[in-house]
Amino acid sequence: QVQLVESGGGLVQEGGSLRLSCAASGSIFSIDVMGWYRQAPGKQRELVAKITSGGSTNLADSVKGRFTISRDNAKNTVYLQMNSLKPEDTAVYYCNLEGNSGRWVYRHLEVWGQGTLVTVSS
């Protein structure tokens, strides 16, 4: 059983910054990828950024140069530093984890956080 606890969302003015945190807890053999997705009202959920346990990152074109994803493997925590926020960044941000729950045989595990609301005012 693995759970994700998110924090850091809130209301910020255009051009401001926020840092989201997501901590994983529970039993898991290994974590492959942690990332952030977002979903605006009436829109599809989209990938914002992801990072592997080894540090390889992938960011959406819309946030490159503004957002930074990082992780602390010892704490099983991923962060999303959001700078130069725009109104179009307004969405519910969801933390996502993909890993292996099997010690001897790979068993894919995917867990989602509860979501944290980010609102950017103009």
- Task: Evaluate salt bridge (Lys or Arg N to Asp or Glu O under 4.0 Å) for K64 paired with D61, printing each intermediate quantity in order.
- Result: CA-CA 5 Å; K64 288 181 178 177; D61 289 339; 3.1 Å; yes
- Over all atoms of both residues, closest heavy-atom pair of L97 and A24: CD1-CB, 3.7 Å
- Item | Exam field: side chain S27 to backbone Q1, donor-acceptor pair closer than 3.5 Å | no
- Task: Output the distance between atom OG (S21) and atom CD (Q81), rounded to the nearest 0.5 Å.
- Result: 9.5 Å
- Query: Are W36 and F67 close enough that their ring centers fall under 6.0 Å?
  - Reply: no
- Sub-3.5 Å donor-acceptor pair from the side chain of R66 to the main-chain atoms of S62, do we have one? yes
- Output for pair (M82 CE, L18 CG), nearest 0.5 Å, gives 4.5 Å
- Note on the structure: Minimal heavy-atom distance between C22 and L4, with the atoms involved, is SG-CB, 3.8 Å
- Query: Stepwise, does the side-chain contact (heavy atoms from CB on, under 4.5 Å) test hold for F29 with R107?
  - Reply: CA-CA 10 Å; F29 186 72; R107 296 180 179 180; over 6 Å; no
- Between the side chain of N73 and the main-chain N/O of S53, is any donor-acceptor distance below 3.5 Å? yes
- Item | Y79 six-ring centre to R71 NZ/CZ under 6.0 Å and within 45° of normal | no
- With a 3.5 Å cut-off and no angle check, do the side chains of Y93 and R38 form a donor-acceptor pair? yes
- Enter the distance from R45:CZ to L47:CG here, rounded to the nearest 0.5 Å. 11.5 Å
- Between OH of Y106 and CG of N100, what distance do you get to the nearest 0.5 Å? 5.5 Å
- Item | Gap between atom OG of S25 and atom CD of Q3 - 0.5 Å precision | 5.5 Å
- Message: So which atom in L85 and which in V12 form the shortest heavy-atom distance, rounded to 0.1 Å?
- Response: CD1-CG1, 3.4 Å
- Query: Which is it for V48 and L80 under the side-chain contact (heavy atoms from CB on, under 4.5 Å) test, yes or no, and what are the steps along the way?
  - Reply: CA-CA 9 Å; V48 178; L80 185 67; 4.2 Å; yes
- Look at the side chain of E6 and the backbone N and O of C95, then say whether any donor-acceptor pair between them is shorter than 3.5 Å. yes
- Message: Quick one about D72 and T77 (side-chain donor to acceptor, distance below 3.5 Å, no hydrogens or angles considered), yes or no?
- Response: no
- Task: Would you sort out whether L109 and I28 count as a side-chain contact (heavy atoms from CB on, under 4.5 Å), showing the intermediate values?
- Result: CA-CA 9 Å; L109 172 68; I28 185 170; 3.6 Å; yes
- When every non-hydrogen atom of S17 is compared with those of N83, the smallest separation belongs to OG-OD1, 2.9 Å
- Measuring from L117:CG to L11:CG, what's the distance to the nearest 0.5 Å? 9.0 Å
- Item | P87 to S122 - nearest heavy-atom pair and separation | CG-CB, 3.8 Å
